[in-house]
4 protein chains.
Amino acid sequence: MVTPKKTPGAGRRAELLATAADVFAELGYNATTVRTIADRAGMLAGSLYYHFDSKESMADEILSAFLTDLWDGYRRTEEAGLGPRETFEELVTESFRQMARHRPAVVIYQKEARRLAAQERFRYLADSHERFRELWTRTLERGVADGSFRSELDIPVTYRFVRDTVWVAAVWFRPWGSRTASEIAQQYTSMVLDGIATRPVAR
Amino acid sequence: MVTPKKTPGAGRRAELLATAADVFAELGYNATTVRTIADRAGMLAGSLYYHFDSKESMADEILSAFLTDLWDGYRRTEEAGLGPRETFEELVTESFRQMARHRPAVVIYQKEARRLAAQERFRYLADSHERFRELWTRTLERGVADGSFRSELDIPVTYRFVRDTVWVAAVWFRPWGSRTASEIAQQYTSMVLDGIATRPVAR
Amino acid sequence: MVTPKKTPGAGRRAELLATAADVFAELGYNATTVRTIADRAGMLAGSLYYHFDSKESMADEILSAFLTDLWDGYRRTEEAGLGPRETFEELVTESFRQMARHRPAVVIYQKEARRLAAQERFRYLADSHERFRELWTRTLERGVADGSFRSELDIPVTYRFVRDTVWVAAVWFRPWGSRTASEIAQQYTSMVLDGIATRPVAR
Amino acid sequence: MVTPKKTPGAGRRAELLATAADVFAELGYNATTVRTIADRAGMLAGSLYYHFDSKESMADEILSAFLTDLWDGYRRTEEAGLGPRETFEELVTESFRQMARHRPAVVIYQKEARRLAAQERFRYLADSHERFRELWTRTLERGVADGSFRSELDIPVTYRFVRDTVWVAAVWFRPWGSRTASEIAQQYTSMVLDGIATRPVAR
DNA sequence: TATGAATGAGGTTTCATTCAT
DNA sequence: GATGAATGAAACCTCATTCAT
């Protein structure tokens, strides 16, 4: 009947993490003060430390939760045994799916990963980064090999192009509106795979 | 006109700005302390204030120098009266050209513009952003109109796609190696315009 | 008289005090957090406040229980009407006896008394300190007067020497091993009274 | 002519260390706030960090300076090739000499060493402690061997007795008054070596 | 009796900035 | 031009304590 002002129990922690993630994404990790997070959560700065060890550990939980989900999805895709073009499409789609669940985390990842990865605690960011590279590179190579992708592609450059192209979307994808992750993914995939130009009449 | 005495001073100033830009790009604006900049320049933190009013004004100079050069280039492109596809290619090329000259500035722009633009002093960032949007949107629309670009494009989405796609490159473009800005630009243009997939045999 | 219900409560209280005393002794009063005490007692920090008013009141109870017992013993010794050397020996023995019962309290006393005594609530620490001084000084003076102690002793210096010599032992007296308080006391008394050197053959 | 309010240059650092040492000794390391030190030095808390990395590093410098001087003195004593009783007397004298120079450091050492030594940075405290033990133990053993010290001594207990007996003096030795370190040392040595009692008539 | 959650004061530290020299 | 020393605001974090449940 009554809407509780503050969700009790384990939910509170998740709520606070969501708040923190929003603020980190909006202002950047460094520019975010724990007071800002606390304000937004309706408590005092010190009170956050009942739930978390440190500001850093909040970022840690946010990022690792995202990466765990993401890699679960990627693993499923890898195990599906699809051809390169379909794998490509499915990886993009999965990325957008996770972006929908973890939007602020993706923004944080995009903006802060490089800096954070320098710390031992965030070692897994660098690891994940490397696994990314391998996964996409492998997919691109398979595609070139079987003729799905252009043979003249510079694979490392293309990899970065695709990677950034996908994640950068998180920054400005405020309202997904009515479009599902799959629809958005399709738009992206189409642009990346087939280009935005019409096919030249003669080539 | 200007007393020659000022020349060495001006040189030092440019040197310091370059140092500051490197550090800002590497560590992020917030995470950069004036002491770090000073250390790298071989002086004490306080001494920087002989040359600059504030940390903010360093970022200001760096960003506005970059944007001034960039818009000079874009203006030339606009005045060249090219078709949409050629304009597109030329804008990308010009962007990469400026990226080569102002790499750290581009990284800073990419990462901090949104936050900085909130301040009155950095108003011009928001202005520039808007002019960007208009310029690219106009180009894309012209291309759709004359059949150069696909008719089903979602112009706002495509604009963001192209914009991010280009600038994000600055983050990892450490050494250009032997490739010139034009070559890199061509690679990018080709990917964005024609896609990375081979064209289906029958369409 | 007392409702039996209170007995288990009282037992718990004593247990908690013992835990607190251990931690205070180990880490120091300031460095001890109520959370550490609570952890060691298997409860949450807040729960301690059901049993005690404050951290300070725990220290208070610990110290006053010790001093009460100690002065009971000293009083018995004083009333025994012994000679100075025997009184000396008996005071040291009694001190070690109480140290055996209240070891952590003695460590706390040793390390924190000076600071705590500044507060009104711990006034009794300063009082006890003064009674100490009087008791030992009187004993030493009696001994000098009747020839038991060397006539050239600097009484105030000797008093401090003896006092510290006895209490400081509490710090490292972890396990008493098989030795009783009396045995240890005897060793101490012997060292203090007769010195550690052999007596010169001719004097 | 004019007394400068604040000593400039390298002297300032030493001054601040002396101030910090006084406060640490008076209030204890934990109970001392950097604000208290700064107040006493006539500056703001943050200003201390221009001179020192942290509160901890102040304690570190204070303690290591003391121990360095102390061990220099002990080394000289060891190299003098004295007999056990003379070595004993000389070690005590050297200890009092350093106590006169580093009184607050000794108090800090006495009260905080155990706790601090747990940290890697203060490893040298534990090392020094161990060297202490060896040095005194060796001296006592030599004395027992050559008949200078009583044969029935429990060496480990005696070692602790002597050690504490000497250092604890630092706590209450406020004004040395007119007595030199040697004079005080002699009083101590006499008490410890020969005891405070007169020689029993018959034994 | 105890928990879970929060408060609020205060602690250490960082850092842009100032200024006399 | 640059240094050395300091300021002051604000950051992260700790902790004794409270209180509804």
Side-chain angles (χ1 to χ4, degrees), chain A residues 5-10 12-13 16 30-38 41-58, chain B residues 5-6 8-9 12-13 16 30-38 41-58, chain C residues 5-6 8-9 12-13 16 29-38 41-58, chain D residues 6-10 12-13 16 30-38 41-58:
Chain A
K5 270 176 311 248
K6 286 165 187 180
T7 314
R12 188 84 178 110
R13 198 189 161 77
L16 292 172
N30 278 293
T32 297
T33 73
V34 296
R35 244 202 80 203
T36 307
I37 299 173
M43 53 168 52
L44 293 178
S47 309
L48 281 175
Y49 289 80
Y50 175 76
H51 301 276
F52 304 98
D53 282 349
S54 64
K55 178 181 165 183
E56 213 176 78
S57 79
M58 292 186 227
Chain B
K5 248 187 194 160
K6 215 188 161 187
R12 188 84 176 105
R13 193 187 166 78
L16 292 172
N30 277 290
T32 296
T33 73
V34 301
R35 238 201 87 196
T36 306
I37 299 172
M43 52 169 53
L44 292 181
S47 310
L48 279 176
Y49 287 80
Y50 177 82
H51 300 276
F52 303 97
D53 284 350
S54 64
K55 179 181 166 184
E56 215 176 75
S57 78
M58 291 184 230
Chain C
K5 249 185 191 159
K6 214 187 160 183
R12 188 86 176 103
R13 193 187 166 79
L16 292 172
Y29 179 76
N30 277 291
T32 297
T33 72
V34 299
R35 236 201 91 194
T36 308
I37 300 173
M43 54 169 52
L44 292 180
S47 310
L48 280 175
Y49 287 80
Y50 178 81
H51 300 277
F52 304 97
D53 284 351
S54 64
K55 178 181 166 182
E56 216 176 76
S57 78
M58 291 185 230
Chain D
K6 285 163 189 181
T7 314
R12 190 80 177 114
R13 196 188 161 77
L16 291 172
N30 278 293
T32 296
T33 72
V34 296
R35 242 201 82 206
T36 307
I37 299 173
M43 53 168 51
L44 292 179
S47 308
L48 281 175
Y49 289 80
Y50 176 76
H51 301 276
F52 304 98
D53 282 349
S54 64
K55 180 181 164 183
E56 213 176 78
S57 80
M58 293 185 226

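A, B, ... follow the sequence lines: proteins, then strands. Residue 1 opens every chain. No experiment lies behind these values; they were computed from the predicted model shown.
When each of B/Asn30 and C/Gly42 is assigned the nucleotide of DNA chain E bearing its nearest heavy atom, the one mapping closer to the 5' terminus is C/Gly42. Nearest-nucleotide positions on DNA chain F for C/Gly46 and A/Ala45 put A/Ala45 closer to the 5' end. With DNA chain F read from its 5' end, the first of the two nearest nucleotides for D/Leu48 and B/Leu16 is the one closest to B/Leu16.
Ranking F/dC13, E/dA6, F/dA6 by closeness to the D/Tyr50 side chain, first place goes to F/dA6. Checked against E/dA5, F/dC12, E/dA2, the side chain of A/Tyr49 finds its nearest nucleotide in F/dC12. The side chain of C/His51 has E/dA2 as its nearest neighbour among F/dA6, E/dA6, E/dA2. Distances from the side chain of B/Thr33 to the nucleotides E/dA16, F/dC15, F/dT7 place E/dA16 closest.
Between the CZ atom of A/Phe52 and the C1' atom of E/dA6 there is a distance of 14 Å, rounded to whole Å. When rounded to the nearest whole Å, the span between CG of C/Leu44 and C1' of F/dC19 equals 14 Å. Going from atom CZ of C/Arg35 over to atom P of E/dG4 covers 12 Å, rounded to whole Å.
Residue-level contact check: C/Val34 touches the bases, meaning some heavy atom is under 4.0 Å from a base atom. Within 4.0 Å of C/Thr32, counting heavy atoms only, lie sugar-phosphate atoms of the nucleic acid but no base atom. Across all strands, D/Ser47 comes closer than 4.0 Å to base atoms (heavy-atom distances). When heavy atoms are screened at a 4.0 angstrom cut-off, C/Ser57 is found touching no nucleic acid atom at all.
If you check E/dA9 for Watson-Crick or wobble pairing at under 3.5 angstrom, you find it paired to F/dT14. Across all strands shown, F/dT21 forms a Watson-Crick or G-U wobble pair, both distances under 3.5 Å, with E/dA2.
Between the C1' atoms of E/dT1 and F/dT21, the separation comes to 12 Å (whole Å).
A cation-pi geometry, defined here as NZ or CZ lying under 6.0 Å from the six-membered ring centre and within 45° of its normal, holds between C/Lys55 and C/Tyr29.
Distance alone, capped at 3.5 Å, places no donor-acceptor pair between the C/Arg35 side chain and the C/Leu44 backbone.
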- Message: Evaluate B/Met58 against B/Leu16 for side chain to side chain contact (heavy atoms under 4.5 Å, CB included), listing each step before the verdict.
- Response: CA-CA 9 Å; B/Met58 291 184 230; B/Leu16 292 172; over 6 Å; no
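Phosphate proximity of F/dG1 to B/Arg13: absent, as no side-chain N or O sits under 4.0 Å from OP1 or OP2.
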